[in-house]
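In what follows, a structure is listed as structure tokens, so that the remarks can point back to it.
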Number of protein chains: 2
Amino acid sequence: MRIGDVARRSGLPAKTIRYYEDIGLMSSGRDANGYRRFSEADLHKLAFLGRARSLGFSIEDCRELLRLYDDHTRASGDVKRIAEGHLARIDAKLEELGEMRRTLAHLVSACAGDDRPDCPILSDLAAAPAPPAGRE
Amino acid sequence: MRIGDVARRSGLPAKTIRYYEDIGLMSSGRDANGYRRFSEADLHKLAFLGRARSLGFSIEDCRELLRLYDDHTRASGDVKRIAEGHLARIDAKLEELGEMRRTLAHLVSACAGDDRPDCPILSDLAAAPAPPAGRE
DNA sequence: TTAATGCTTCCAGCAACTGGAAGGTCAAGG
DNA sequence: CCTTGACCTTCCAGTTGCTGGAAGCATTAA
């Protein structure tokens with residue numbers, strides 16, 4: 001297959017596939033004319049990457065996951081560790097976003113949203129005490 | 001005040017303050033020696049920015065919020081619109097992350113995490129149907 | 001012959017900073 | 001007078017994960 005075919009079949013843009021090859025996440029063969037040539041196994045790998053990325057794994061996580069996937073003597077514990085680390089990051093992000101949402105929703109509901117200038121949102125941004133110290 | 005003082009009092013790194021000036025989010029005066037000089041009003045503005053950013057508003061949102069803050073003839077509706085738009089983006093992100101978390105937590109709990117190679121996480125990444133089509 | 005696809009590479013840019021290098025400025029201490 | 005140290009300055013590069021676009025070659029059909 002050529003890159004357009006794998007793009008269609010994997011759901012990944014051709015640009016992204018080239019990018020993945022660029023950063024050494026995967027590799028492909030080449031035809032005489034310089035075009036990339038992909039095997040079913042390559043397609044499989046790309047689909048794997050697409051799935052991992054859609055679960056939010058970082059590129060570096062994906063690199064390691066792919067390595068473990070190829071290594072049939074891997075320990076499932078290694079995979080689980082990566083997934084747990086990622087899960088923890090997701091939870092942290094969820095917490096952070098949830099806190100933002102709480103505050104923001106409160107402010108939004110307090111604002112009349114009319115033509116007058118009085119606005120609790122601006123007042124709060126202007127007057128709240130020190131920034132919540134979070135966000136590191 | 002000089003930049004170190006506003007940095008301490010606003011909680012923003014000096015680097016960030018320079019960056020904000022760079023992109024025209026705020027401005028400051030200069031001493032004869034070229035050092036930036038900040039007034040209490042400048043500090044106030046930076047604190048405002050810090051708060052808005054900590055609520056997740058984008059830089060462009062912040063620019064607009066600051067403009068509205070300075071404009072005493074603003075309509076609170078304009079502020080509310082920005083906040084509501086941001087809230088919607090947060091909700092979308094929360095949904096997306098929640099979905100990731102669900103899937104991932106499921107996979108993690110199904111994985112033994114021991115020395116053996118069998119791993120439902122890898123199996124799923126390898127075998128799941130087309131990528132969930134999300135993430136645009 | 002030409003036009004339409006599809007492929008190639010390379011460069012730039014997005015958000016919002018952050019790190020580091022190279023160097024100027026000022027007050028205190030010896 | 002000189003040095004040390006804590007500031008400050010600018011500029012350049014890197015982060016994450018792509019994405020857009022330009023310039024140009026390959027292949028096929030009309």
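Only heavy atoms go into these numbers, but all of them, side chains included; no hydrogens, no water, no symmetry mates. Letters go in sequence order (proteins before strands), and every chain restarts at 1. Keep in mind that what you see is a predicted model, and the values were worked out from it rather than measured.
Computed from coordinates, the B/I23 CD1 to C/dT18 C1' distance equals 14 Å when rounded to whole Å. A/E60 places its CD atom 12 Å from the C1' atom of D/dT15, with the value rounded to the nearest Å. Taking atom CG on A/N33 and atom C1' on C/dT8, their separation rounds to 10 Å, with Å as the unit. In this structure, OH of A/Y19 is placed 16 Å from P of C/dC10, rounded to the nearest angstrom. Here C/dC7 presents its P atom at 12 Å from CE of A/M1, a figure rounded to the nearest Å. In this structure, A/Y20 places its OH atom 14 Å from P of D/dT16, rounding to the nearest Å. We find that CG of B/D5 is positioned 16 Å from P of D/dA6, with the value rounded to whole Å. Between A/E21 atom CD and D/dG17 atom C1' there is a gap of 17 Å when expressed in whole angstrom units.
When only modelled atom types and interatomic distance are considered, A/D114 and B/S76 share a side-chain donor-acceptor pair under 3.5 Å. For the residue pair B/E21/B/S27, the side-chain donor-acceptor check at 3.5 Å is not satisfied.
For A/T16, the side-chain atoms get nearest to D/dT19 when compared with the rest of D/dT19, C/dT9, C/dA16.
OP1 and OP2 of D/dT16 both lie 4.0 Å or more from every side-chain N or O belonging to A/S58. Phosphate proximity of D/dC18 to A/R18: absent, as no side-chain N or O sits under 4.0 Å from OP1 or OP2. Contact between the side-chain N/O atoms of B/R30 and the OP1/OP2 oxygens of D/dT10 is found at a separation under 4.0 Å.
Along DNA chain D, the nucleotide nearest B/R8 and the nucleotide nearest B/R36 are compared for position; the residue whose nucleotide lies closer to the 5' end is B/R8.
Taking the six-membered ring for Trp and thresholds of 30 and 60 degrees, B/H44 and B/Y69 have nearly parallel ring planes, at less than 30 degrees apart.
In this model, no side-chain donor or acceptor of A/K15 finds a partner on the base of D/dG17 within 3.5 Å. For B/Y35 and C/dG24, a side-chain-to-base donor-acceptor distance below 3.5 Å is present, hydrogens and geometry of angles not being considered.
Salt bridge present: A/R81 and A/D78 bring a charged side-chain N and a carboxylate O closer than 4.0 Å. At a threshold of 4.0 Å, the pair B/D124-A/R51 does not count as salt-bridged, since none of the basic side-chain nitrogens sits closer than that to a carboxylate oxygen.
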